[in-house]
Every structure is written in structure tokens, then in C-alpha cells.
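First comes the structure, then the notes that go with it.
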Amino acid sequence: MAISRRRLLVAGATLLAGAGAGVLAQESERVVKVSARKFLFTPTQITLAKGEPVTIELSTEDVFMGFNAPDFKVRSDIVPGKVMRVRLTPDRAGTFPFLCDIFCGDGHETMSGKIVVT
């Protein structure tokens, strides 16, 4: 009986330690909010540090759109009324484009921005 109780305590402590570590990792990661509307991303420039993990939160109240940062192989649909998340850790410095890759109407071709990695 003592062994079962001990296993239960160890399992509980492991679970709590794992949950705490996950929460700390998420809280320490930088979050960048990007909103999309016909035919504009706000902000149009995202500045990141090389090697720093970041979560980009994408939202729109407009129409179905897309977010594509091809140099980092990051892509997501942007669904009206929902927050979509993509994770990115830039591995090189420079200036890289991002764009809407789902046709959202006339003006779609100008819907883009840039990621600046320092």
C-alpha cells in the first residue's frame, strides 16, 4: 500500500512540474498580434530578434484570409472572429516578406508586410 501511495505522489508531482514548465514556457514567449482587414495587415512590419521564439496571433473581423511567410515556411488561414496562432523562431537576420495568400477581393495583391530580423 505504501508503494502505491508513493507512486501516486510521484506521479502527481511530475504532472504538476510538467504543467508548470509548460506554463512558464508559454508565458516567456513573445506574442505579436497581427490584425488583417481588406487589404491591410496591421502592423505592416514585425521586428524580431534572431533565435527568439515568437507566437504570431492573427485575427480578422473581415473575410477569410491567409498569412504566409514563405522564407520561414510559416502559413495559416485567418478565420473571421477567431484568433489563429503560428510559432516562429527566426534563424537568420534580414528583411523577409509576409503576404495574404487567399484572394480576398480587389486590392488583395497589395496585402503584404515585412518581417525584420535583427
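At a cut-off of 3.5 Å, with distance as the only test, a side-chain donor of T47 or Q45 sits close to an acceptor on the other residue.
Using a 4.5 Å heavy-atom threshold, the side chains of L58 and I56 count as touching. Between L48 and I115, some side-chain heavy-atom pair lies under the 4.5 Å cut-off. Side-chain contact between E52 and R30: present, with at least one pair of heavy atoms (C-beta onward) separated by less than 4.5 Å. Looking at V34 and I46, their side chains come closer than 4.5 Å, going by heavy atoms from C-beta outward. Using a 4.5 Å heavy-atom cutoff, the side chains of L99 and F67 are not in contact. T89 places none of its side-chain heavy atoms less than 4.5 Å from the side chain of D91.
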Could you please spell out the steps behind the side chain to side chain contact (heavy atoms under 4.5 Å, CB included) verdict for K38 and V63? CA-CA 8 Å; K38 288 184 173 181; V63 298; 4.0 Å; yes
Pair T42, T44 - check side chain to side chain contact (heavy atoms under 4.5 Å, CB included), show working. CA-CA 5 Å; T42 305; T44 58; 5.8 Å; no
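Relative to the ring axis of F98, R75 does not place its NZ or CZ within 45° and under 6.0 Å from the centre.
Hydrophobic clustering of Ile, Leu, Val, Met, Phe, Trp and Tyr side chains at less than 4.5 Å, counting indirect connections, unites F64 with M84. Clustering ILVMFWY residues whenever any of their side-chain heavy atoms sit less than 4.5 angstrom apart, transitively, puts V79 in the very cluster that holds V86. L40 and V32 are members of different hydrophobic clusters when ILVMFWY side chains are connected at heavy-atom separations under 4.5 Å. Hydrophobic clustering (side-chain heavy atoms under 4.5 Å, transitive across Ile, Leu, Val, Met, Phe, Trp, Tyr) groups F41 together with I102.
Heavy atoms from other residues, nucleotides or ligands lying under 6.0 Å from CZ of R87 number 12 at most.
Annotation: salt bridge (charged side-chain N to carboxylate O under 4.0 Å, His left out) contacts of D62 (sequence neighbours excluded): none.
Judged purely by atom type and a 3.5 angstrom limit, T60 uses its side chain to pair as donor or acceptor with the backbone of A36.
Residues I78 and S59 approach most closely at CG2-C, 3.8 Å, considering heavy atoms. Heavy atoms only, all atoms of each residue included: P70 and P97 are closest at CD-O, 3.8 Å. Shortest non-hydrogen contact noted between E57 and K33 is OE1-NZ, 3.1 Å.
Rounding to the nearest 0.5 angstrom, the gap separating the OG1 atom in T55 from the CZ atom in R85 is 8.0 Å.
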